[in-house]
Amino acid sequence: MEGTKRSLVELLSYLDKDSLISLARNVTQGLKQSRNAKEAIENIIKYSPDELSILRKKAVTRDILFNYLEANNIKVRLPITKNELIDGVADFWNLPRIGGGQNNEITEPSPSKVSVERTQQEGGSVHLMATKFANWFYSMLNDNECGAEHFFSDAKLRLNMFVNDSCDTTEVDNNPKEVTEALLKVRLQHNLHFNLNDTSEGIQGRMDPHGLVMVLACGTLHVGNTCIGVFEQVFALARDPFSENNWKIKNTRLNLRAKNNVLQFPKLCDNELTRDLLMLPSE
């Protein structure tokens with residue numbers, strides 16, 4: 001860990017003081033102040049869940065990752081994406097990967113870049129694709145970086161917010177911009193942090209009869225350090241023939257449930273939104 005920490009300090013030193021302080025504020029949700037670049041780096045490392053979550057941050061740009069690898073004499077093949085640069089840094093730091101037997105650390109795949117073929121080449125499955133997608137999506141949502149470009153032009157959203165015995169429903173049809181605005185609005189309005197249950201009980205991938213890849217996910221909702229409820233969400237992913245045949249979100253359904261005294265992570269088998277979909281084939 002100490003070796004990786006030194007490497008993180010080295011990489012983060014490529015950011016200027018303002019960017020570091022802003023990133024530290026984002027990581028600590030504004031609860032911890034950083035007076036200078038050194039404190040900011042310490043807070044970023046201390047309060048980030050893992051190394052890869054730092055590499056995925058918007059402030060850690062493609063240029064920074066490239067320059068870091070170049071400075072350490074790690075050859076890269078151009079052209080190259082940020083995701084591929086993150087892979088290069090992860091390999092250089094010898095970080096554990098999915099199926100590594102230690103942790104389920106993952107890199108940041110965009111749904112527009114993840115393909116079933118690539119996932120299968122990595123020795124995985126639709127479940128592996130779902131795991132990568134879910135970790136990427138909630139990292140992006142928590143950082144307020146959810147963009148309309150990740151959705152089809154006819155994308156649909158159904159968002160249910162359950163508080164006590166009432167349910168407030170938001171529906172959006174055929175408007176990816178309004179879909180992303182609705183998701184960001186509910187997150188910002190209530191200052192929510194989506195904490196994904198990243199085990200197999202909280203993420204699953206399925207194939208529906210029409211060839212869509214279904215991503216099933218659930219987890220806890222937090223405001224600051226307080227758990228205030230749970231969520232469950234289903235995504236339908238499809239290839240976009242007008243975007244280099246990349247994957248995008250066709251539709252999504254999200255349930256937010258206010259709950260006190262949440263004692264354990266929710267499971268996909270515990271709620272009707274995802275329970276029935278578990279009967280679909282995984283290949």
Side-chain angles (χ1 to χ4, degrees), residues 26 28-31 49 111 130 133-148 150-206 208 212 214-237 248-280:
N26 175 280
T28 64
Q29 299 181 25
L31 299 174
F133 169 85
N135 277 272
W136 166 82
F137 181 84
Y138 293 109
S139 175
M140 177 181 67
L141 183 59
N142 285 330
D143 286 344
N144 302 322
E145 296 176 5
C146 188
H150 303 302
F151 295 80
F152 277 90
S153 60
D154 61 350
K156 297 180 180 180
L157 164 70
R158 181 180 176 89
L159 192 162
N160 296 313
M161 181 176 290
F162 298 92
V163 180
N164 297 324
D165 295 326
S166 65
C167 176
D168 183 21
T169 299
T170 299
E171 290 191 86
V172 179
D173 290 336
N174 305 318
N175 194 320
K177 186 172 183 294
E178 288 187 8
V179 169
T180 57
E181 288 174 350
L183 290 169
L184 291 172
K185 179 181 178 182
V186 73
R187 199 204 79 75
L188 291 168
Q189 204 170 45
H190 302 280
N191 196 26
L192 298 175
H193 179 85
F194 289 76
N195 184 32
L196 178 67
N197 177 357
D198 60 358
T199 71
S200 60
E201 294 180 328
I203 309 172
Q204 286 286 329
R206 292 291 186 269
D208 89 336
L212 297 174
M214 308 298 294
V215 176
L216 289 55
C218 64
T220 51
L221 294 168
H222 297 255
V223 175
N225 294 323
T226 304
C227 178
I228 55 92
V230 299
F231 74 90
E232 58 260 7
Q233 189 163 10
V234 174
F235 305 86
L237 308 182
K248 289 187 179 182
I249 303 168
K250 190 75 172 173
N251 59 69
T252 183
R253 289 175 287 164
L254 170 62
N255 288 346
L256 307 176
R257 301 179 187 274
K259 280 190 175 183
N260 295 321
N261 302 319
V262 178
L263 301 178
Q264 61 184 9
F265 265 133
K267 300 176 182 178
L268 296 173
C269 60
D270 290 340
N271 64 83
E272 63 179 287
L273 176 62
T274 53
R275 183 172 56 233
D276 292 344
L277 292 174
L278 289 172
M279 303 302 294
L280 291 172

Colleague: Indicate yes or no: at least one non-hydrogen side-chain atom of Leu221 is less than 4.5 angstrom from one of Cys227.
Modeller: no
Colleague: For the rings on Phe137 and Phe194, is their centre-to-centre separation under 6.0 Å?
Modeller: no
Colleague: Tell me yes or no: between the side chains of Gln189 and Arg187, is some donor less than 3.5 Å from an acceptor?
Modeller: no
Colleague: Between Val234 and Val215, is any pair of side-chain heavy atoms under 4.5 Å apart?
Modeller: no
Colleague: Can you tell me how far apart CG (Leu141) and CG (Leu196) are? Round to the nearest 0.5 Å.
Modeller: 11.5 Å
Colleague: Within the distance-only criterion (no hydrogens, no angle test), does the side chain of Asn142 pair as donor or acceptor with the backbone N or O of Tyr138 below 3.5 angstrom?
Modeller: yes
Colleague: Is there a side-chain contact between Phe162 and Asn255, using heavy atoms and a 4.5 Å cut-off?
Modeller: yes
Colleague: Test side-chain contact (heavy atoms from CB on, under 4.5 Å) on Leu212 and Leu237; report intermediate values, then the result.
Modeller: CA-CA 6 Å; Leu212 297 174; Leu237 308 182; over 6 Å; no
Colleague: Do the non-hydrogen side-chain atoms of Arg257 and Met161 ever get within less than 4.5 Å of each other?
Modeller: no
Colleague: Are Phe235 and Phe151 an aromatic pair by the rule of ring centers under 6.0 Å?
Modeller: no
Colleague: If we only count heavy atoms from C-beta on, is the Val230 to Leu256 side-chain gap below 4.5 Å?
Modeller: no
Colleague: When rounded to the nearest 0.5 angstrom, what is the spacing between CG in Asn271 and CG in Leu216?
Modeller: 9.0 Å
Colleague: Salt bridge check: are Arg253 and Glu232 linked by an N-O gap of less than 4.0 Å?
Modeller: no
Colleague: Would you please classify the geometry between the Phe133 ring and the Trp136 ring as parallel, tilted or perpendicular, with 30° and 60° separating the classes?
Modeller: tilted
Colleague: Rounded to the nearest 0.5 Å, how far does OG1 of Thr170 lie from CG of Leu159?
Modeller: 5.5 Å
Colleague: CG of Leu254 to CG of Asn160: how many Å apart, nearest 0.5 Å?
Modeller: 8.0 Å
Colleague: Is there side-chain contact between Leu157 and Asn251, with at least one heavy-atom pair below 4.5 Å?
Modeller: no
Colleague: Compare all side-chain heavy atoms of Gln204 with those of Arg206 and state whether any distance is below 4.5 angstrom.
Modeller: yes
Colleague: Residues in salt bridge (Lys or Arg N to Asp or Glu O under 4.0 Å) with Lys250, at least two apart?
Modeller: Asp154
Colleague: If I take atom NZ from residue Lys267 and atom CZ from residue Arg275, how far apart are they, to the nearest 0.5 angstrom?
Modeller: 13.5 Å
Colleague: Cut-off 3.5 Å, side chains only: do Asn197 and Thr199 have a donor facing an acceptor?
Modeller: yes
Colleague: Going by heavy atoms in the side chains, are Asn144 and Leu188 under 4.5 Å from each other?
Modeller: yes
